[in-house]
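A short worksheet on the structure shown next.
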Amino acid sequence: MSDETRPDRYTLRPEPDDRARRFLIDYKEELNPSQYEAAVTHKGPLLVLAGAGSGKTRTLVFRVARMVEEGIDPASILLLTFTRRAAEEMLQRVEALLGSRCDRVTGGTFHSFANTILRRYAQLLGFANAFTILDRSDSEDVINLIRSRMGLDKKALRFPRKQTILEILSLAANKTCGVAAVLNEQFPHLLDELDELGQIADYYRDYKRERSLLDYDDLLSYLRELLRGHPELAERLSHTFRYIMVDEYQDTNRLQADIVRLLAHSHDNVMAVGDDAQSIYSFRGATVRNIFEFPDLFPGTKVIKLEENYRSTQPILDLSNEIILQAKESYTKNLFTRREAGIRPVLVEADSERYQSRFVGQKILELHESGVPLPEIAVLFRSSFHSFDLEIELGRRNLQFVKRGGFKFIETTHIKDVLAHLRIIANPQDAVSWYRVLLLLNGVGAKSSERILAHVLDAPDPFQGLAAYRGRGAVNTALKSLAEALQQARDEGLKPAEQLEVIVRYYEPILKHRHHDDYPKRQKDLEHFTIITERYRSLDRMLSDMALEPPTSSVDNVLATDGEDEGLLTLSTIHSAKGLEWNSVFIIWAVEGRFPSLYNKDDDELEEERRLMYVAATRAKENLFISYPINIYDRATGMLLNRPSRFLDGIPRRILTPVMLMEDDDE
DNA sequence: GTCACTGATCACATT
DNA sequence: GATCAGTGAC
């Protein structure tokens, strides 16, 4: 529908001050003029360029509240965020303002939203509704299988590894371009393999389709396909969700933009919020261009900038501005604050990683003693493994922490193993899980599992098929006990946690055999995992959640599950720190080779690393410490890391104060 | 032909 | 810690 033909009956009421009283909340009092403007503009496309700490979340919260107060049905509001947590937090804050009226707002990530819609309409695309979601390592397993079936692993010249193949296919999906374009742009050295990669892509797509498997990208791709191919459904959904808000728009990709465009097709009521200076997810196909092209996608877009920073003191902002000022491209905003006074950020050079860790540990204790609560302190780093040494140091000082980012609990082999059994129960056609489960059996390798699987999937009831299969000797007994366990766990009357217990009981001997060294630790993990699953009533729901929004804590932190971070210090990758803030922030490993990482060499990648440093610095409210160890030998590359991060080059001492570490031998 | 085990090699960020 | 190639055992 063009702009002309669309009836636009909405008129913004004039608002003399006395009229404002009809609202419970005094929006003008609560928000600055730009924020207010954003909160009361409900019709038509709106782009909010919100700088770091500019009260973006607050604006979104008040905007939802305002809509509900104006009588807009909460069920017609869709809030798409980067993590489920972000959505939950916002909706809780709205609830605090208005009570439970707003609990019918739909909120979540693009992926979880796609999952919800596809569970309902997947059959329109020829999928079973009980599809299984493949996480990254599942997808890699499939790629591996295909690669060996196509005989590409035996090729004389080396063929790319499964991670690389998947990365290429994933980028092609997210940027909605062909494999050839991805190769041209990012993997020119693999252009010779274009044909084979294309074949793998086709094979992979068909393989998943036949078995009702969807990877992360499929959730989005098929949602788009659904909307494009079924206009009447698109119309209906568009009508259901008449007010759409997309947070962190700078980290969305072309595919997501397409979805937003289609969803809003009948009304154009879309608010995109983001900050071009904080775009840090290009590895997921996100491009900062997306946010700039929003007005092209939605002609007539109103643009609002939020430039006042309420988070950080002036000295912290000075440093942040300095970091981003040196970027090659320039950004749209200039942040300012009224929090003039404050402590200057500090740059600490340490002789070794140990000294860096000791400095951080000691400083954290000092801050804590001077009254900063531990949950108000965070240590940020480029890569998850950068904190290993510090974790030991913190343990020594009895400082407990939650770690965000990095390997997740849910991704460990033993958890994935038991989940695979449950996934078979939920989707008996799930060949990926069948493989995983069969390969666990002693005497069953790649070949026999293919044979067994062919037999199993051919049977009208795969479980009967398994029970009927005749293997040789020990293999046969193993298969029988697997069949038995699956039958038992399949009982409709069981809750997910109980089903899991059946599987764990069956799996324990396998675990013992395969991981005899750290068997007890892994067994504890499994126990803990059953506790996590107790809140679920539906197996499908639980499995989707585990794939899309798994418990956030990383491996060793399960005990502080999803840690409402009570009393705990935070360790986090910068990526996982997006949108968060702390009174005091440490950025460690600010050294060339680690940050920026050695793997990112071209200009665009380096620009993104710079934005990453900017994101890190702008997390701090009052205290910011940047540190780097010097003269570190990097074994992986054989390089000596001996220069501070280029992003700190040339920053005047009055903005970033270098500090010497003094030895006070306490050991 | 098939599988299990050993030791060398390499490791960025995430829905 | 996970993965891969190589090797010996059945």
Side-chain angles (χ1 to χ4, degrees), chain A residues 80-86 108-115 133-137 139-141 144 148 153-154 158 161-163 166-167 170 173-174 214-220 248 251-253 255-256 279-286 380-388 404-408 410-414 416 438-451 472-475 513-515 517-518 522 544-550 552 554-556 572-578 589 593-600 605 608-609 611-612 615-616 634-638:
Chain A
L80 295 169
T81 54
F82 210 69
T83 61
R84 176 179 56 174
R85 239 182 158 182
T109 61
F110 273 91
H111 291 88
S112 67
F113 175 70
N115 179 47
I133 300 169
L134 303 178
D135 70 14
R136 201 179 87 170
S137 75
S139 308
E140 285 173 2
D141 289 347
N144 217 18
S148 59
D153 51 342
K154 301 269 173 353
R158 272 176 58 169
R161 329 152 45 128
K162 57 184 181 182
Q163 290 97 319
L166 187 67
E167 195 185 341
S170 179
N174 282 292
L214 272 71
D215 67 16
Y216 290 134
D217 307 326
D218 291 332
L219 286 170
L220 303 182
E248 308 284 6
D251 287 322
T252 57
N253 54 44
L255 179 50
Q256 289 165 314
S279 164
I280 55 175
Y281 275 85
S282 65
F283 60 89
R284 254 166 69 176
L380 307 181
F381 30 84
R382 175 67 181 84
S383 307
S384 186
F385 72 93
H386 294 167
S387 69
F388 288 168
R404 310 168 57 97
F407 274 121
K408 291 198 199 81
I410 205 80
E411 289 164 349
T412 52
T413 347
H414 45 299
K416 293 212 63 165
L438 291 171
L439 283 171
L440 288 171
L441 305 177
N442 240 326
V444 179
K447 293 287 170 190
S448 357
S449 60
E450 290 239 30
R451 265 199 308 273
R472 265 184 288 175
V475 171
H513 176 249
R514 295 172 70 94
H515 303 277
D517 299 343
D518 56 354
R522 291 172 191 259
S544 303
D545 263 22
M546 290 304 152
L548 294 176
E549 345 234 14
T552 48
S554 21
V555 184
D556 288 324
S572 176
T573 59
I574 298 167
H575 283 93
S576 298
K578 191 164 84 153
W589 278 109
R594 289 283 158 88
F595 193 0
S597 143
L598 275 170
Y599 304 94
N600 289 335
E605 289 167 338
E608 179 150 321
E609 297 267 323
R611 293 192 294 269
L612 209 45
V615 170
D634 186 66
R635 272 177 60 213
T637 56

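Chain letters run A, B, ... following the sequence lines, proteins first, then strands; residues in each count from 1.
- Side chains of A:Leu220 and A:His111 form a contact here, defined as non-hydrogen atoms less than 4.5 Å apart.
- Under a 4.0 Å N-O distance rule, the pair A:Arg136/A:Glu411 does not qualify as a salt bridge.
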What are the atom names and distances for every N/O pair under 3.5 Å that joins the protein to nucleotides 12-15 of chain B?
unit_1, atom_1, unit_2, atom_2, d
B:dC12, OP2, A:Tyr599, OH, 2.9
B:dC12, O2, A:Arg382, NH1, 2.9
B:dC12, O2, A:Arg382, NH2, 2.5
B:dC12, N4, A:Asn600, OD1, 3.0
B:dA13, OP1, A:Ser384, N, 3.2
B:dT14, OP1, A:Ser576, OG, 2.9
B:dT14, O4, A:Arg136, NH1, 2.6
B:dT15, OP2, A:Lys408, NZ, 3.0
B:dT15, O4', A:Arg284, NH1, 3.2
B:dT15, O2, A:His111, NE2, 3.1

Heteroatom pairs (N/O) under 3.5 angstrom, protein to nucleotides 4-8 of chain B:
unit_1, atom_1, unit_2, atom_2, d
B:dA4, OP1, A:Asn442, OD1, 3.2
B:dA4, OP1, A:Gly443, N, 2.4

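- Between A:Lys162 atom NZ and B:dA11 atom C1' there is a gap of 14 Å when expressed in whole angstrom units.
- A sub-4.0 Å separation between OP1 or OP2 of C:dG1 and a side-chain N or O of A:Thr412 is absent.
- Side chain of A:Ser449 to main chain of A:Ala446: a donor-acceptor pair is present (N/O by atom type, distance under 3.5 Å, no hydrogens or angles).
- In this structure a side-chain-to-backbone donor-acceptor pair under 3.5 Å is present from A:Glu609 to A:Ser597.
- Across every non-hydrogen atom of A:His575 and A:Tyr281, the tightest pair is O-OH, 3.4 Å.
- Helical stems of DNA chain B (runs of at least 3 Watson-Crick or G-U pairs, donor-acceptor distances under 3.5 Å) are listed by first residue: B:1-10 with C:1-10.
- Heavy atoms only, all atoms of each residue included: A:Leu548 and A:Ser112 are closest at CD1-CA, 3.9 Å.
- Ring planes of A:Trp589 and A:His386: tilted class, angle from 30 to 60°.
- The shortest non-hydrogen separation linking A:Phe82 to A:Glu248 is CB-CG, 3.9 Å.
- A salt bridge links A:Glu608 with A:Arg611: the distance from a Lys NZ or Arg NE/NH1/NH2 to an Asp or Glu carboxylate oxygen falls below 4.0 Å.
- Using a 4.0 Å cut-off between a side-chain N of Lys or Arg and a carboxylate O of Asp or Glu, A:Asp545 and A:Arg84 qualify as a salt bridge.
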